[in-house]
Amino acid sequence: MVTHHAVERRLRPPLRVLVTVAVRIAAAVAPLPFAVATGVLVAVGAQFTYHGRELRAYELFALLTVVFAVALLRAALSPSRGRLLVVGLSAAAGAMTHYFFGFTLAAGLAWLWLEPEARASRRRVTAAVGLAIAACLPWLTLFLAQYRHHRYSWIGPFDARETIETPLRIFSPLVATPFSGVAFLSW
């Protein structure tokens with residue numbers, strides 16, 4: 001019989017790896033205090049452990065997000081065919097794993113176009129991501145068919161407040177309240 005504590009013990013090494021890589025990525029693009037805060041938030045994020053235990057797709061989603069971030073950083077600073085290929089492959093794999101990966105792609109491309117050091121490689125890296133998304137387009141018809149047949153109706157309608165509060169709930173269920181989303185946006 002597998003106990004709750006046995007499952008927790010098995011999840012700790014992947015979470016440690018995710019925390020370590022998240023801190024290293026953050027330290028490459030932000031001051032050290034922000035990188036440390038990133039590691040702390042990932043380490044105490046109850047949702048990572050909960051959903052990682054629930055479905056392996058969430059673990060794959062987290063892994064592909066980290067792989068994409070590392071590949072994007074490396075390709076932006078020193079583009080090569082191999083690095084652009086890794087960006088494209090990780091973008092395509094992530095997009096096919098979970099539709100939320102679109103937020104990862106948007107954030108990565110926003111960083112790419114706002115980072116002065118990435119100026120020389122912006123177009124090539126963006127093209128690699130664009131080709132990856134184009135490779136996923138044949139599956140869009142399947143997604144639309146599932147959507148039209150109400151396969152996602154259990155999710156419920158879009159709610160702006162819920163969307164705003166989701167990052168807070170992921171990192172700390174104690175601070176996610178109706179007012180914290182407003183405070184977070186106004187800060």
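Side chains of Val36 and Val23 form no contact here, defined as non-hydrogen atoms less than 4.5 Å apart. Residues Phe68 and Val129 meet the side-chain proximity criterion, which asks for heavy atoms closer than 4.5 Å.
Linking ILVMFWY residues whenever their side-chain heavy atoms come closer than 4.5 Å, directly or via other members, places Val125 and Leu64 in the same cluster. Tracing side-chain contacts under 4.5 Å through hydrophobic residues (I, L, V, M, F, W, Y), one never reaches Trp139 starting from Tyr99; they form parts of separate clusters. Residue Leu63 is not grouped with residue Val86 when hydrophobic side chains (ILVMFWY) are merged at heavy-atom distances under 4.5 angstrom, including chains of intermediate members. In the hydrophobic clustering of ILVMFWY residues, with side-chain heavy atoms under 4.5 Å counting as a link, Val19 and Val67 come out apart. Hydrophobic clustering of Ile, Leu, Val, Met, Phe, Trp and Tyr side chains at less than 4.5 Å, counting indirect connections, keeps Leu131 apart from Leu84.
Summarising the geometry, atom OG belonging to Ser78 is positioned 12.5 Å from atom CD belonging to Glu117; distances are rounded to the nearest 0.5 Å. Interatomic distance, CE of Met96 versus CD1 of Ile133, reported as 10.5 Å (0.5 Å rounding). Once rounded to the nearest 0.5 Å, the distance linking OG1 of Thr65 with CZ of Phe103 reads 12.0 Å. Rounded to the nearest 0.5 angstrom, Leu109 CG and Leu72 CG are separated by 7.0 Å. Arg24 CZ to Leu73 CG: the interatomic distance, rounded to the nearest 0.5 Å, is 11.0 Å. Summarising the geometry, atom CZ belonging to Arg123 is positioned 5.0 Å from atom CH2 belonging to Trp113; distances are rounded to the nearest 0.5 Å.
Listed here is the closest heavy atom pair of Ala35 and Ala26: CA-CB, 3.6 Å. Arg83 approaches Arg74 most closely through the heavy-atom pair NH1-O, 3.3 Å. Residues Ala93 and Thr97 approach most closely at O-OG1, 2.6 Å, considering heavy atoms. The two residues Gly88 and Ala132 have their closest heavy-atom pair at O-CB, 3.1 Å.
In this structure, the side chain of Arg122 engages the main chain of Leu112 through a donor-acceptor pair within 3.5 Å. Side-chain atoms of Ser121 do not come within 3.5 Å of backbone N or O of Arg124 as any donor-acceptor pair.
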